[in-house]
Amino acid sequence: MRENESNLVMDLQVHEFVDKDTWHLHLALHANNVLLGVAFANLGNSKYDNETVIAAIQSLKNEYYKAIGSPMRYQKGSLTFLPADPGLVAKESHKIPDMEMTHVSNTGKAVALSH
C-alpha cells in the first residue's frame, strides 16, 4: 500500500508467514522499509483463532499509530484516542521564569537578571 498525503509518500507493508512447528501466523509491519512492529496469532480450528488474528492486526496498527505520532489506539476491540495533553497552561506553572527583575540598592534602577 502506498499512502500519499501532502506529498509525503509512505510505503506500508505487512509481511506474514506461518511457522509450521507451532502453527502461528507471524505478522510484521514495515513503513518505508523500517520495521514498526511484529505480532503473532494462533492458526488452528478453534473459534477463538479469528479473535487472536484480529488482536494481532490491531497490535500492528497501534505500532503504526505510535510511529506516526497519532493519538489513535486500539483498546478493548475498538478505536480510542489517548487522553488530551494538559496543555501549555499546566506546563507554564512548572516553568522557571526566563528573566527576573531586581532593584539595585543605592541606585534605584531596575536590572534584568537572566537565568
Side-chain angles (χ1 to χ4, degrees):
M1 173 179 144
R2 281 178 76 80
E3 186 174 309
N4 188 350
E5 185 175 317
S6 66
N7 297 327
L8 175 66
V9 176
M10 183 176 290
D11 287 316
L12 298 177
Q13 298 174 333
V14 176
H15 296 102
E16 60 181 66
F17 69 92
V18 176
D19 184 342
K20 298 290 185 181
D21 294 330
T22 61
W23 289 102
H24 285 160
L25 171 67
H26 291 263
L27 303 169
L29 176 66
H30 290 81
N32 291 345
N33 295 322
V34 175
L35 178 66
L36 297 182
V38 294
F40 75 90
N42 297 325
L43 282 181
N45 42 9
S46 166
K47 66 178 182 177
Y48 301 109
D49 289 339
N50 189 41
E51 294 173 13
T52 308
V53 172
I54 291 171
I57 292 171
Q58 289 178 349
S59 172
L60 288 183
K61 286 182 180 178
N62 279 341
E63 294 300 323
Y64 169 70
Y65 291 142
K66 287 178 195 173
I68 65 170
S70 170
M72 293 186 293
R73 297 290 186 274
Y74 275 99
Q75 189 175 36
K76 297 180 183 174
S78 63
L79 191 63
T80 60
F81 287 85
L82 296 176
D85 190 303
L88 294 175
V89 174
K91 292 176 185 172
E92 287 291 327
S93 65
H94 300 294
K95 189 176 177 183
I96 298 171
D98 291 336
M99 293 180 74
E100 182 179 303
M101 296 298 285
T102 305
H103 285 279
V104 178
S105 59
N106 298 344
T107 63
K109 296 181 180 178
V111 177
L113 300 176
S114 178
H115 288 271

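Throughout, residue positions are numbered sequentially from 1 according to the sequence presented.
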Please report the shortest heavy-atom distance between [X] and [Y], naming the atom on each side.
{"X": "Glu63", "Y": "Leu36", "answer": "OE1-O, 3.3 Å"}
{"X": "Ala56", "Y": "Ala41", "answer": "CB-CB, 4.1 Å"}
{"X": "Asn62", "Y": "Tyr74", "answer": "OD1-N, 2.7 Å"}

Is the backbone N or O of [Y] less than 3.5 Å from a side-chain atom of [X], with the two atoms forming a donor-acceptor pair by type?
{"X": "Asn42", "Y": "Asp49", "answer": "no"}
{"X": "Thr52", "Y": "Tyr48", "answer": "yes"}
{"X": "Asp19", "Y": "Asp21", "answer": "yes"}

Cluster link [X] to [Y], ILVMFWY, side chain under 4.5 Å:
{"X": "Ile57", "Y": "Leu12", "answer": "yes"}
{"X": "Trp23", "Y": "Val38", "answer": "no"}
{"X": "Ile68", "Y": "Phe81", "answer": "yes"}

Do [X] and [Y] have side-chain heavy atoms sitting under 4.5 Å apart?
{"X": "Ile54", "Y": "Gln58", "answer": "yes"}
{"X": "Val34", "Y": "His30", "answer": "no"}
{"X": "Gln13", "Y": "Leu29", "answer": "no"}

Gap separating the CD atom of Gln75 from the OG1 atom of Thr80, nearest 0.5 angstrom: 4.5 Å
With Phe40 via ring-ring contact (aromatic ring centres under 6.0 Å, His included) - residues at least two apart: His24, His26
Check against side chain to side chain contact (heavy atoms under 4.5 Å, CB included), Leu60 and Tyr65: CA-CA 9 Å; Leu60 288 183; Tyr65 291 142; over 6 Å; no
